[in-house]
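Scroll down for the structure; my scribbles are underneath it.
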Amino acid sequence: RLEAAIRLDPMFAAAYTQLGIEYIRLGRLDDALQSLNRAVEIDPDSWDVHYVLAILFYQAGDLARAEASARRAFRLAQTNAAVHLVLGYILCFRDETKAEGIDYLRYAARSLPYAGQVLSDVVLHGASRP
């Protein structure tokens with residue numbers, strides 16, 4: 001359906017973003033990146049595409065690009081708890097950004113119940129790759 005929607009409207013950025021999410025779920029990371037990059041071309045100021053890119057890069061093991069995408073999502077949606085959660089978690093992988101990451105996780109934990117568990121796990125055990 002998403003591919004059909006894109007054929008009907010090649011400028012439908014949200015469809016490219018959702019297609020990227022579906023490709024991530026299927027483990028098709030290259031296809032996800034291609035779809036998400038198209039979404040960025042169409043709507044570079046969409047926080048959600050940068051948020052999904054952060055997740056994609058994290059899953060691919062590219063923490064530098066994950067952080068850059070998460071920071072971009074944050075600049076576009078500074079009060080979004082899910083963005084705080086992803087950015088915080090990614091920042092906790094490096095000693096020099098861990099304290100900053102914990103602050104983002106604390107913010108997320110105020111409105112996302114599972115963020116409190118992530119915060120607890122990071123503080124007690126450190127960030128670890130899934």
Side-chain angles (χ1 to χ4, degrees):
R1 290 184 184 159
L2 291 167
E3 291 168 345
I6 290 167
R7 281 192 297 277
L8 289 172
D9 182 1
M11 298 302 287
F12 191 4
Y16 283 102
T17 301
Q18 189 60 45
L19 186 58
I21 291 167
E22 296 305 321
Y23 283 143
I24 291 170
R25 288 183 182 145
L26 294 171
R28 295 171 53 184
L29 301 186
D30 290 338
D31 291 331
L33 181 58
Q34 182 179 0
S35 184
L36 295 168
N37 280 337
R38 181 66 181 124
V40 169
E41 289 172 9
I42 296 167
D43 188 2
D45 293 327
S46 173
W47 72 266
D48 55 335
V49 70
H50 295 286
Y51 169 83
V52 176
L53 278 166
I55 293 168
L56 168 70
F57 291 134
Y58 169 78
Q59 287 188 356
D62 189 340
L63 294 179
R65 289 175 77 186
E67 179 182 337
S69 293
R71 286 189 185 278
R72 175 78 173 145
F74 175 76
R75 283 192 299 276
L76 295 166
Q78 294 182 9
T79 60
N80 186 297
V83 171
H84 278 258
L85 175 63
V86 168
L87 178 56
Y89 188 71
I90 291 166
L91 291 175
C92 285
F93 283 97
R94 292 194 348 254
D95 289 339
E96 61 270 17
T97 57
K98 186 173 182 175
E100 180 186 5
I102 288 171
D103 288 341
Y104 285 109
L105 291 175
R106 284 188 180 124
Y107 180 95
R110 286 190 241 152
S111 56
L112 298 174
Y114 58 89
Q117 184 60 50
V118 172
L119 176 60
S120 176
D121 289 348
V122 166
V123 169
L124 294 175
H125 308 291
S128 62
R129 298 273 300 145

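All figures in this text were calculated on a predicted structure; none of them were measured in a lab. Numbers here are sequence positions counted from 1.
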Could you check D121 against Q117 for side-chain hydrogen bond (donor to acceptor under 3.5 Å, both in side chains), going step by step and ending with a plain yes or no? CA-CA 6 Å; D121 289 348; Q117 184 60 50; 2.7 Å; yes
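With sequence neighbours excluded, no residue forms a side-chain contact (heavy atoms from CB on, under 4.5 Å) with D95. Among residues two or more places apart in sequence or in another chain, the side-chain contact (heavy atoms from CB on, under 4.5 Å) test is passed with R1 by none. A70 is linked by a side-chain contact (heavy atoms from CB on, under 4.5 Å) to A54, V86, L87, I90, counting only residues two or more places apart in sequence or in another chain. Applying the salt bridge (charged side-chain N to carboxylate O under 4.0 Å, His left out) test to R106 and every residue at least two apart in sequence or in another chain returns D103. Shown here are the side chain to side chain donor-acceptor pair (under 3.5 Å) partners of Q18, two or more places apart in sequence or in another chain: E22. Taking R28 as the reference, D31 meet the side chain to side chain donor-acceptor pair (under 3.5 Å) condition, with sequence neighbours excluded. In this structure D48 satisfies the side chain to side chain donor-acceptor pair (under 3.5 Å) test together with S46, sequence neighbours excluded.
Residues N37 and E41 have side chains that never bring a donor and an acceptor to within less than 3.5 angstrom of each other.
Clustering ILVMFWY residues whenever any of their side-chain heavy atoms sit less than 4.5 angstrom apart, transitively, puts I102 in the very cluster that holds F93. L56 and I42 are assigned to two separate hydrophobic clusters, defined by single-linkage of ILVMFWY side chains at heavy-atom distances under 4.5 Å. Both L91 and F57 sit in one connected hydrophobic cluster of ILVMFWY residues. Membership requires side-chain heavy atoms under 4.5 Å apart, directly or through other members.
Taking the charged nitrogens against the carboxylate oxygens, R72 and D45 do have a contact shorter than 4.0 Å, which makes a salt bridge.
Counting heavy atoms from C-beta outward, I24 and V52 have side chains that approach closer than 4.5 Å. The shortest distance between side-chain heavy atoms of Y16 and L36 does not fall below 4.5 Å. Looking at L33 and L53, their side chains come closer than 4.5 Å, going by heavy atoms from C-beta outward.
For the pair A39 and T17, the tightest heavy-atom approach, listed with the atom from each and the gap, is CB-OG1, 3.4 Å. Contact record, V122 with C92: CG1-SG, 3.4 Å, taken as the closest heavy-atom pair. In plain terms, the two heavy atoms of G20 and S35 that are nearest each other are N-OG, 3.6 Å.
Here ring-ring contact (aromatic ring centres under 6.0 Å, His included) pairs that include residues 99-121, with residues two or more places apart or in two chains, are F74-Y104, H84-Y104, H84-Y107. Applying the salt bridge (charged side-chain N to carboxylate O under 4.0 Å, His left out) test to every pair with at least one member in residues 74-84, sequence neighbours left out, gives no pairs at all. Here salt bridge (charged side-chain N to carboxylate O under 4.0 Å, His left out) pairs that include residues 109-119, with residues two or more places apart or in two chains, number zero. Within the structure, every pair that satisfies the ring-ring contact (aromatic ring centres under 6.0 Å, His included) test and touches residues 24-52, not counting sequence neighbours, is listed here: W47-Y51.
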Determine all donor-acceptor pairs shorter than 3.5 Å in which one atom belongs to a side chain in residues 5-15; sequence neighbours excluded.
from	atom 1	to	atom 2	distance (Å)
D9	OD1	M11	N	3.1

